[in-house]
Every structure is written in structure tokens, then in C-alpha cells.
K.L.:
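Sharing a structure with you now.
Indexing begins at 1, ligand by ligand and atom by atom, following the structure's order. Heads up: numbering here begins at 1 and tracks the sequence.
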Amino acid sequence: MARLRVAVLISGRGSNLQALVDACSNPAFPAEIRLVISNEPGAPGLVRAERARIPTRVISHKEFPDRAGFDAALDCALEEAGIELVCLAGFMRMLGDAFVTRWRNRLINIHPSLLPAFKGLKTHERVLAAGVRFTGCTVHFVRPAMDEGPIIVQSAVSVLAGDDPARLAERVLGEEHKAYPLALRLIAEGRVTVTGERVDISGATGPAPSALINPTG
Ligand code: GAR
């Protein structure tokens, strides 16, 4: 079976890119990464892609007078590579409405919270300040508004006494690295449909009804 042709867009470290690269390195995985694009020339994630012999492009937003020009350059690179699905993995630029609409339901993102809670930046700081007992990560289809769109996969993480933003981020990141390949696999297997801004996944069984309580003792 033909594998889904994927591009990953990054701005920095690229640990989620690495998780996707690792998943796709299994020939039985139904997707392959054909292109990695960074808007930051020095993004460490580019090295990860090169190491995996994946073609890379740097498309710096600074070289364009406006967002539309930058988005058009992205679109052109994606079309040229025959990309079917775009994964945002720590890509820290907002994409314009026209681009998002053009790639509707073919553009996904990972965010380090249980959306729709804690959209935006400094997520873990705000989670800790709010005193919530659970946080986590979300993979979702992208819509024009930031960190909004139909949810494909979520993973919950307990907030522990003594957590600081860095420790919490590390635990959430561990879940991100499982959630993103899972979402990609489900899409590539053709099991994901969006109906009325909700995602249905055919043949999926959820976890057992949760009795997770935080704190215990
Ligand atoms: C990840 O935690 C990702 O969820 C977050 O940036 C980090 C990128 O790390 N994305 C967002 O906050 C988007 N709103 P990575 O470069 O190591 O994958």
C-alpha cells in the first residue's frame, strides 16, 4: 500500500519530529516523511531530518514582506513535494486563513495541553498557576484560530506536587512523542473522519473509563 506523503514543519528542537521520524522508519508504518521545512535557519530539528536523510528546506519568514508571501512559499514547497498531510511540530508561526483553508483536514498540530484549555504560549506555567490536577497534550486538525480545531488524540498527565514548568513539560513531552505518531498512523490508515468539527475514528476502542484521582493518599 502507498504510504501517506507527509511534511513536518518545525521552528526549533524537533523532538516531536524525531518521534515521527522514528515511527516512519518502520517500513510497515503507513506514512513517510518526504520533507521537513523550518522557518528558522538554525533549528536543531533540521539536523535530525538530515540524519534521517529526509530532504529539508529553510523558508524564513523574515525574507517575506507579509504573511501571505511566506504562506505561498510554504504552499509551493509542499505542492512541489507532492505532500498529502502537513504536521506542525513546534512550528511557532501563525498560518494565514487562506493557507489553513486550503489545507483543511490535511494540516495537524500538537499542543502541550488538554485543549481547549490553555491555548497559546507558556502553557505549563499557566497550568501550574491555575492549580489544575491534570494536563496533557492534544493532536488536532488546524483551524484559522490558534490551537483550535477537531481533536484527534489526547493524552492526560497528572500535575504533581512540586512540579515546576520544566519538569511538567518533560512529562507532557513524553506523551506528545506517543500521541503524535498515533494520530499520524490513524490518519494514514484512513480511519479518521471529521464531522461537524468532531473527529470519528473507525475501529477505535478508548481506554477503560478512568478512575484516575489526583492526589492520592
Ligand atoms: C512541543 O511541546 C509542542 O507541543 C509545542 O512546542 C514544543 C516543540 O517541541 N507546540 C506548541 O506550543 C504549539 N502551540 P519540539 O520542537 O521538541 O517538538
Side-chain angles (χ1 to χ4, degrees), residues 6-25 31 33 35-52 54 56-61 67 70-71 74 85-97 99-100 103 107-130 132 134-159 163-184:
V6 172
V8 184
L9 271 52
I10 61 167
S11 299
R13 175 179 58 180
S15 72
N16 278 291
L17 163 66
Q18 188 68 57
L20 296 175
V21 166
D22 293 347
C24 292
S25 72
I33 303 174
L35 180 63
V36 171
I37 301 177
S38 174
N39 67 308
E40 295 287 353
L46 287 168
V47 179
R48 299 178 189 267
E50 282 155 16
R51 227 187 286 138
I54 297 167
T56 60
R57 296 272 300 262
V58 172
I59 301 179
S60 169
H61 55 280
R67 186 185 317 204
F70 173 67
D71 287 2
L74 282 181
L85 180 80
V86 179
C87 299
L88 306 181
F91 182 70
M92 295 312 200
R93 299 295 301 175
M94 280 294 285
L95 294 162
D97 290 11
F99 182 95
V100 172
W103 287 87
L107 174 62
I108 64 176
N109 179 47
I110 187 154
H111 182 75
S113 77
L114 292 176
L115 291 174
F118 303 106
K119 297 170 180 172
L121 299 174
K122 299 233 173 275
T123 316
H124 306 297
E125 284 84 344
R126 288 183 292 119
V127 161
L128 290 170
V132 295
F134 295 99
T135 183
C137 63
T138 304
V139 183
H140 63 98
F141 287 106
V142 174
R143 294 293 182 259
M146 186 176 57
D147 298 325
E148 217 170 276
I151 291 167
I152 308 159
V153 172
Q154 289 189 308
S155 181
V157 170
S158 275
V159 179
D163 266 344
D164 59 26
R167 282 171 60 176
L168 186 54
E170 194 181 318
R171 283 207 314 287
V172 171
L173 197 63
E175 293 307 305
E176 293 184 45
H177 296 163
K178 295 181 228 161
Y180 219 169
L182 170 59
L184 177 56

K.L.:
Salt bridge or not for Glu170 and Arg167, using N-O below 4.0 Å?
P.N.:
no
K.L.:
Could you say whether the N/O atoms of Leu17 and ligand 1 ever approach to under 3.5 Å?
P.N.:
no
K.L.:
I would like to know whether Phe91 and Leu74 meet side chain to side chain contact (heavy atoms under 4.5 Å, CB included); could you show each step before the answer?
P.N.:
CA-CA 12 Å; Phe91 182 70; Leu74 282 181; 4.3 Å; yes
K.L.:
Could you list which atoms of ligand 1 come closer than 4.0 Å to a heavy atom of Ser15?
P.N.:
15 (P), 16 (O), 17 (O), 18 (O)
K.L.:
Got a donor-acceptor contact below 3.5 angstrom from the Thr135 side chain to the Ser113 backbone?
P.N.:
no
K.L.:
Quick test: of every protein heavy atom, which one is nearest to atom 8 (C) of ligand 1, and how far off is it to 0.1 Å?
P.N.:
Gly90 CA, 3.6 Å
K.L.:
For Glu50, does the CD atom sit with more than 12 other heavy atoms under 6.0 Å from it, leaving out its own atoms?
P.N.:
yes
K.L.:
Determine whether any heavy atom of Met146 lies closer than 4.0 Å to an atom of ligand 1.
P.N.:
no
K.L.:
Polar contacts were defined as any N/O atom of the residue lying under 3.5 Å from an N/O atom of the ligand; does this apply to His111 and ligand 1?
P.N.:
yes
K.L.:
Counting only N and O atoms by type, is there a donor-acceptor contact under 3.5 Å from the side chain of Arg171 to the main-chain atoms of Ser158?
P.N.:
yes
K.L.:
Given Tyr180, which partner from the list Val8, Ile152, Val153, Asn16 fulfils the side chain to side chain contact (heavy atoms under 4.5 Å, CB included) test?
P.N.:
Asn16
K.L.:
Heavy-atom distances under 4.0 Å are what count here, so tell me which part of Asp147 touches ligand 1: side chain, backbone, both or neither.
P.N.:
side chain
K.L.:
If the cut-off is 4.0 Å to any non-hydrogen atom of Met92, which atoms of ligand 1 fall inside it?
P.N.:
6 (O), 10 (N), 11 (C), 12 (O)
K.L.:
What's the shortest distance from atom 10 (N) of ligand 1 to any protein heavy atom, and which residue and atom give it?
P.N.:
Ile110 O, 3.6 Å
K.L.:
Please work out, at 4.0 Å between heavy atoms, whether the side chain, the backbone, both, or neither of Glu176 comes within that distance of ligand 1.
P.N.:
side chain
K.L.:
Look at atom 9 (O) of ligand 1 and say which protein heavy atom is nearest, naming residue and atom and giving the distance to 0.1 Å.
P.N.:
Arg13 NH2, 3.0 Å
K.L.:
Taking Arg143 for the side chain and Val100 for the main chain, is one N or O donor matched with an acceptor at less than 3.5 Å?
P.N.:
no
K.L.:
What atoms in ligand 1 come closer than 4.0 Å to a heavy atom of Pro112?
P.N.:
4 (O), 5 (C), 10 (N), 11 (C), 12 (O)
K.L.:
Among all protein heavy atoms, pick the one closest to atom 16 (O) of ligand 1 and tell me residue, atom and distance.
P.N.:
Gly14 N, 2.8 Å
K.L.:
Show your reasoning for whether side chain to side chain contact (heavy atoms under 4.5 Å, CB included) applies to Asn39 and Phe70.
P.N.:
CA-CA 9 Å; Asn39 67 308; Phe70 173 67; 3.9 Å; yes
